[in-house]
Amino acid sequence: MRMPAPDDGVIARRREIIAALRAIVPGEGVIADESELRAYECDGLTAYRQLPMVVVLPGTTEQVSRVLRTCKEMGVKVVPRGAGTSLSGGALPLADGVLLGMGKFNRILDIDFANRCVVTQPGVTNLGISNAVAHEGFYYAPDPSSQIACTIGGNIAENSGGVHCLKYGLTTNNVLGVEMVLMDGTVLRLGGKHLEAGGYDLMGVVTGSEGLLGVVTEVTVRILKKPATARAVLIGFPTSEQGGDCVAAIIAAGIIPGGMEMMDRPAIHAAEDFVHAGYPLDVEALLIVELDGPPAEVDHLIDRVAEIALSKGCCYSRVSTSEEERLSFWAGRKAAFPAVGRISPDYYCMDGTIPRKALPLVLQRMQEMSDRYALRVANVFHAGDGNLHPLILYDANKPGELERAESFGNDILRLCVEVGGVLTGEHGVGVEKRDLMTDQFDEVDLDQQQRIKCAFDPDGLLNPGKVFPKLHRCAELGRVHVHKGELRFPDLPRF
């Protein structure tokens, strides 16, 4: 994976840059020793590694503002980083850049039950928000599998989802406001405790922007009251295609579960061996369908789902009878990624989204690819909203296997686009999918996206090398293109 060539002039000024940062963040807030920098050389996509030039750990918005303004004045690139759980290389450092760690921003600032929202710093974990409001029967809905470790700031950067995003939405549907710092040190406030704001939807632009537009220093999120009842049902199928058909049929029937997840045989066995959740081991596909709401409604919907599953050929069904059993069903699913790590030296976690109706076809095509590349794949995905997480199993110590795994993954993502889907559902583009962006977008689309980048960061210093396969200088995007002495569309009148 090729990154921008390091600027030798910036690296030659390393001591000067470190001194300037230490004047802003004194004490242990600046890390420059090579052995200590190793902890920051990669994020959750461990196949790609690069030591940062220096790491700075600010503790206040003012310090973040001064760090960014200083880096802009000195022409130094900055890579923001949360907990480092990104699976797309979004926090991959640069050899000539400052890595801005936000781990010290770890406090919840305000819990407002009357307005059903929480104001928090970006370094608070996703699960930490739910834990802080659980005593009043509230929770924060987006729940990625890494919620025990991933931070809310990183969730905003990647627009994270989770097993319950089908009914309750992704991060973008649950964030009300942010405080963020631009590359020139300007501190902005977007949104707030109010539900709607006039003007352009800048909150929608910032959520999912992968650290290319600014650094979030405060977040206001929506919290929800826990449903009166929640029950989950395990449904097993003889084939993955039948499981996919059942997913589409449930949604087509007008039923929107709180969560609907699917695992295939390799993932089922790995999760069961790891967590002992009571999963059936003689099925090829397993659905976890959770219904929530008033007890009478939940009972009715469980019966409806059971009827649909039978019509699609299910061979196993089990409904949770207690809260402990419901949580055990989900414990296996949420532990699926580490569980798969027990059956393979390495795995490559993909992330693409497809229309639900294409699920049977995509599962069939992925199996054909698995045979062609001679690599196993374990499928774990948010079936309800079509967000796939194929785990390609490989051994990095065997020559060529990593490259085959990357090619396999690229083919899966191209297939997602081919059937009408997109390259990412919640992991972001980062460096992993960067060079596939032209499979989904044409040059005009990418230029328009880069114009937004230029409006926030005209010098291109924030997280360069990510998302865009070719990053234009902002001045280039405003120029008229002349080819062989002729303008494009010469028949149009020009003023």
Side-chain angles (χ1 to χ4, degrees), residues 43-44 80-88 90-91 102 105-106 108-109 116-133 138-180 188-197 201-224 258-259 261 334 351-353 381-382 384-387 389 422-430 433 463 466-467:
D43 56 16
R81 176 189 170 105
T85 60
S86 167
L87 292 168
S88 63
M102 299 297 289
F105 285 75
N106 57 6
I108 290 179
L109 304 176
R116 297 199 171 194
C117 63
V118 169
V119 181
T120 177
Q121 292 184 317
V124 172
T125 63
N126 175 288
L127 186 59
I129 297 175
S130 289
N131 289 341
V133 299
F138 284 83
Y139 74 109
Y140 177 63
D143 56 345
S145 295
S146 58
Q147 66 180 149
I148 192 173
C150 66
T151 59
I152 191 65
N155 289 177
I156 289 175
E158 307 294 358
N159 191 22
S160 302
V163 299
H164 289 92
C165 66
L166 170 63
K167 185 172 184 178
Y168 296 105
L170 293 92
T171 299
T172 190
N173 307 112
N174 291 276
V175 172
L176 299 173
V178 299
E179 175 188 81
M180 65 181 293
L188 296 180
R189 279 194 173 272
L190 305 175
K193 291 186 178 182
H194 48 280
L195 292 181
E196 298 293 343
D201 181 18
L202 295 180
M203 278 296 305
V205 171
V206 169
T207 306
S209 58
E210 303 195 36
L212 272 70
L213 305 184
V215 177
V216 172
T217 51
E218 185 183 292
V219 186
T220 302
V221 299
R222 182 199 320 269
I223 54 175
L224 302 176
E261 300 289 299
K334 285 182 174 289
D351 164 55
T353 301
F381 46 88
H382 310 310
D385 60 350
N387 187 196
H389 292 315
V422 294
L423 292 172
T424 179
E426 57 174 337
H427 291 180
V429 175
K433 308 177 185 76
N463 217 8
K466 318 291 173 60
V467 179

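This structure is a prediction, so every number in the text was calculated from the model and none was measured.
- Using a 4.5 Å heavy-atom threshold, the side chains of Val118 and Tyr140 count as separate.
- Expressed to the nearest 0.5 Å, how far CG of Asn155 lies from CG of Asn126 amounts to 5.0 Å.
- You'll find the side chain of Asn463 reaches within 4.5 Å of the side chain of Pro80, heavy atoms only.
- A donor-acceptor pair is defined here as one N or O able to donate and one able to accept, closer than 3.5 Å; no such pair exists between the side chain of Lys433 and the backbone of Gly352.
- When atom types are taken as modelled, the side chain of Thr125 and the backbone of Gly128 share a donor-acceptor pair closer than 3.5 angstrom.
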Worked verdict on Thr217 versus Met102 for side chain to side chain contact (heavy atoms under 4.5 Å, CB included): CA-CA 8 Å; Thr217 51; Met102 299 297 289; 4.0 Å; yes
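- The backbone N or O of Leu127 sits nowhere less than 3.5 Å from a side-chain atom of Gln147 that would complete a donor-acceptor pair.
- The only option from Ser160, Cys150, Pro144, Ser145 that meets the side chain to side chain contact (heavy atoms under 4.5 Å, CB included) definition with Thr85 turns out to be Cys150.
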So His382 and Leu166, side chain to side chain contact (heavy atoms under 4.5 Å, CB included) or not? Walk me through it. CA-CA 8 Å; His382 310 310; Leu166 170 63; over 6 Å; no
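- Atoms CG and CG, from Asp385 and Leu170 in turn, are 6.5 Å apart once rounded to the nearest 0.5 Å.
- Annotation: side chain of Val119 is in contact with side chain of Lys193 (closest heavy-atom distance under 4.5 Å).
- Considering SG of Cys117 and CD1 of Ile223, their distance stands at 7.0 Å, rounded to 0.5 Å.
- Paired with Leu87 under the rule side chain to side chain contact (heavy atoms under 4.5 Å, CB included), one option of His427, His389, Glu158 passes, and it is His427.
- Looking at Glu179, its side chain never comes within 3.5 Å of a backbone N or O of Arg189 through a donor-acceptor pair.
- The line from CG of Asn159 to OG1 of Thr171 is 5.5 Å long, rounded to the nearest 0.5 Å.
- If you check the side chains of Asp351 and Thr424, you find a donor sitting under 3.5 Å from an acceptor.
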